Peer 1: 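The structure's right below; bear with me while I get my questions together.
What you see is a predicted model; the values in this text were computed from it and never measured.
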Amino acid sequence: MFNLDERYRGLPATREQILALHTSLNTPHVAIPGKQAGPSQAFVVGLRGGQGAAVFVYLYLSEAEDCAVYLSGRRNMTADEYRDDESEALAFVESLGFMMDDGNWRAQSAEQQDELLKTLPVFFKDPKLVPAVKARAEEKKNVTTTLGRFLAAF
């Protein structure tokens with residue numbers, strides 16, 4: 001059973017800590033209690049930490065520039081327990097309407113892994129720091145400035 005944990009805002013990790021990465025192929029409209037509903041992207045991430053392995057479900061709410069992190073609460077898992085939690089996490093996000101793809105993390109080159117760590121919202125401490133969000137904010141600022149100059153010319 002996966003439960004929302006408000007303490008988490010992201011899952012910053014190193015390449016070595018990541019056991020598995022599954023990403024959604026679609027962005028269904030999702031309503032999460034206490035958050036603005038809208039299109040979302042899902043990630044299922046297996047991480048190895050100081051207290052064992054854990055499986056996380058990270059939902060990125062792009063329009064709200066927010067996220068929701070769910071976890072099972074189990075740590076120090078056996079390999080079988082880890083696989084069970086990973087399967088349960090995938091079933092959970094699929095029940096929300098996500099179609100998931102196994103990112104095949106271990107088969108990717110170190111360069112590809114580093115690029116994903118720099119661009120996927122799941123690996124940022126704050127969803128507002130995601131490069132695409134920052135670029136969109138800068139674009140809005142530029143459009144507003146340009147529009148203001150255009151209107152001032154009349």
Peer 1: Strictly distance-based, threshold 3.5 Å: is any side-chain N or O of Tyr58 a donor or acceptor partner for the main-chain N or O of Pro121?
Peer 2: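 Checking the backbone N and O of Pro121 against the side chain of Tyr58, a donor-acceptor pair under 3.5 Å is found.
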Peer 1: Work out which heavy atom in Leu11 is nearest to a heavy atom in Phe56; give both atom names and the distance.
Peer 2: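 Reported closest heavy-atom pair: CD1-CB, 3.5 Å.
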Peer 1: Any side-chain heavy atom of Glu94 sitting closer than 4.5 Å to one from Met99?
Peer 2: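 No, side chains not in contact.
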Peer 1: If you compare all heavy atoms of Gly97 against all heavy atoms of Asn26, which two are closest, and at what distance to 0.1 Å?
Peer 2: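 That closest heavy-atom pairing would be O-ND2, 2.9 Å.
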Peer 1: At their closest point, which heavy atom of Trp105 faces which heavy atom of Leu116, and how far apart are they?
Peer 2: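 Nearest heavy atoms, Trp105 then Leu116: CZ3-CD1, 3.9 Å.
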Peer 1: Is the side chain of Gln36 donor-acceptor paired with the backbone N or O of Leu61 at a distance under 3.5 Å, no angle test?
Peer 2: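 Not at all, since once roles are kept as given, no pair shorter than 3.5 Å links the two residues.
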Peer 1: Tell me, with the steps shown, if Arg83 and Glu88 meet salt bridge (Lys or Arg N to Asp or Glu O under 4.0 Å).
Peer 2: CA-CA 9 Å; Arg83 280 191 291 280; Glu88 188 177 324; over 6 Å; no
Peer 1: Is there side-chain contact between Tyr70 and Tyr8, with at least one heavy-atom pair below 4.5 Å?
Peer 2: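 Tyr70 does not reach Tyr8 side chain to side chain.
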Peer 1: Restricting to non-hydrogen atoms, name the atom on Ala37 and the atom on His29 that form the minimum distance, rounded to 0.1 Å.
Peer 2: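 The answer is CB-NE2, 3.8 Å.
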Peer 1: Compare all side-chain heavy atoms of Thr14 with those of Gln17 and state whether any distance is below 4.5 angstrom.
Peer 2: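 The answer is yes; the side chains approach within 4.5 Å.
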Peer 1: Quick one: pull up CG in Asp85 and CG in Asp80 and give me the separation to the nearest 0.5 Å.
Peer 2: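 If we round to the nearest 0.5 Å, Asp85:CG and Asp80:CG are 11.5 Å apart.
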Peer 1: Would you say that Tyr60 contacts Ser40 through its side chain, given a criterion of any heavy-atom pair below 4.5 Å between the two side chains?
Peer 2: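 With C-beta onward as the side chain, the pair stays apart.
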Peer 1: Look up atom CZ in Arg48 and atom CD1 in Ile18, then write down how far apart they are to the nearest 0.5 Å.
Peer 2: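 Those atoms lie 10.5 Å apart.
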Peer 1: Looking only at heavy atoms, what is the nearest atom pair of Glu6 and Lys35, with distance?
Peer 2: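 Minimum heavy-atom contact is OE1-NZ, 3.7 Å.
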Peer 1: Just wondering, do Phe124 and Pro12 contact through their side chains at under 4.5 Å, heavy atoms?
Peer 2: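 Side chain of Pro12 against side chain of Phe124, heavy atoms only: no contact under 4.5 Å found.
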Peer 1: Would you say the side chain of Val57 lies within less than 4.5 Å of the side chain of Val69, judging by non-hydrogen atoms?
Peer 2: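 Val69 does not reach Val57 side chain to side chain.
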Peer 1: According to side chain to side chain donor-acceptor pair (under 3.5 Å), who are the partners of Thr23, at least two apart in sequence or on a separate chain?
Peer 2: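 So Thr23 forms no side chain to side chain donor-acceptor pair (under 3.5 Å) with any residue.
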Peer 1: Can you check whether Val122 reaches Val45 side chain to side chain, under 4.5 Å on heavy atoms?
Peer 2: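 Sidechains of Val45 and Val122: in contact.
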Peer 1: Do the side chains of Val55 and Tyr82 get nearer than 4.5 Å, heavy atoms only?
Peer 2: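 The answer is yes, as the side chains (C-beta and beyond) meet within the 4.5 Å cut-off.
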Peer 1: Nearest 0.5 Å, what's the CG-CG distance between Asn104 and Leu21?
Peer 2: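 With rounding to 0.5 Å, CG (Asn104) is 10.0 Å from CG (Leu21).
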Peer 1: Which pair of heavy atoms, one from Cys67 and one from Arg9, lies closest together, and at what distance?
Peer 2: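 Looks like SG-O, 3.0 Å.
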Peer 1: Taking the side chain from Gln112 and the backbone from Ser109, do they hold a donor-acceptor pair closer than 3.5 Å?
Peer 2: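 Yes, the answer is positive, given that a donor and an acceptor are paired below the 3.5 Å cut-off.
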Peer 1: List in chain and number order the residues that pass side chain to side chain donor-acceptor pair (under 3.5 Å) with Asp102, two or more places apart in sequence or in another chain; answer none if no residue qualifies.
Peer 2: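 Asp102 satisfies side chain to side chain donor-acceptor pair (under 3.5 Å) with no residue once adjacent residues are dropped.
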Peer 1: Atom NE2 in His22, atom CD in Glu86: separation rounded to 0.5 Å?
Peer 2: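 Output value for this atom pair is 3.5 Å.
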